[in-house]
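Here's the structure, in structure tokens; my notes come after.
Being a predicted model, the structure only gives us computed values, none of them experimental.
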Amino acid sequence: VALQRFQNKNRVAILAELDKEKRRLIQSQSMNNPGASIPLSRPAVKEFRDHAEQQHIAAQQKAALQHAHAHSSGFFITQDSSFGNLILPVLPRLDPE
């Protein structure tokens, strides 16, 4: 519970810092280009959000892979899946005899 509170406080602090930086960038952008509009900052926000989402998925993949290796005798790999699977089992190929 204490760890969760710490993580929540940390997230709030990070979001506040990002908001402050965003406002500073928008303000400096409007000073440099008086005719510029705020939507120019949208791609940077989207790129940041996409990057954060990719990092979150990578962390989830790593955790799922570690859990699978610890609790199964099978082999698994991380793989992008159109079905939302974070890891996939790998079956060895046996030579026909």
Side-chain angles (χ1 to χ4, degrees):
V1 175
L3 177 63
Q4 192 174 21
R5 281 191 213 143
F6 174 75
Q7 289 174 339
N8 287 340
K9 284 182 181 181
N10 194 22
R11 286 183 187 130
V12 169
I14 290 170
L15 289 173
E17 185 65 31
L18 287 172
D19 188 51
K20 192 162 107 175
E21 182 69 16
K22 178 182 171 185
R23 289 174 194 239
R24 187 187 65 75
L25 288 171
I26 290 171
Q27 184 179 16
S28 68
Q29 189 177 49
S30 65
M31 288 179 158
N32 292 338
N33 285 331
S37 60
I38 292 174
L40 292 176
S41 66
R42 295 283 182 211
V45 172
K46 184 182 183 318
E47 288 175 14
F48 175 77
R49 195 175 293 145
D50 289 346
H51 180 68
E53 186 175 318
Q54 286 175 344
Q55 284 183 329
H56 180 68
I57 290 171
Q60 284 181 323
Q61 280 182 330
K62 183 178 179 182
L65 189 63
Q66 288 174 344
H67 180 78
H69 282 192
H71 294 90
S72 174
S73 60
F75 296 99
F76 298 87
I77 59 167
T78 57
Q79 177 71 38
D80 290 335
S81 168
S82 58
F83 298 105
N85 299 321
L86 297 175
I87 60 172
L88 298 174
V90 178
L91 301 174
R93 292 186 182 170
L94 302 175
D95 291 329
E97 293 184 20

- Item | Closest non-hydrogen atom pair between I87 and A64, with its separation |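 Closest pair (atom of I87, atom of A64, distance): CD1-O, 3.6 Å.
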- Task: Identify, with sequence neighbours excluded, every residue that meets side chain to side chain donor-acceptor pair (under 3.5 Å) alongside Q66.
- Result: none
Pairs under 3.5 angstrom only: tabulate donor-acceptor contacts from the side chains of residues 14-21 to other protein residues two or more places apart or in another chain.
residue: D19; atom: OD2; partner: R23; partner atom: NE; Å: 3.0
residue: D19; atom: OD2; partner: R23; partner atom: NH2; Å: 3.2
residue: E21; atom: OE1; partner: R24; partner atom: NE; Å: 3.4
residue: E21; atom: OE2; partner: R24; partner atom: NH2; Å: 2.5

- Spacing of CD1 belonging to I77 relative to CD belonging to Q61, to within rounding of 0.5 Å: 10.0 Å
- Task: Would you list the pairs meeting ring-ring contact (aromatic ring centres under 6.0 Å, His included) in which at least one residue belongs to residues 75-97, sequence neighbours left out?
- Result: none
- Item | Qualifying residues under ring-ring contact (aromatic ring centres under 6.0 Å, His included), relative to H67, sequence neighbours excluded | H71
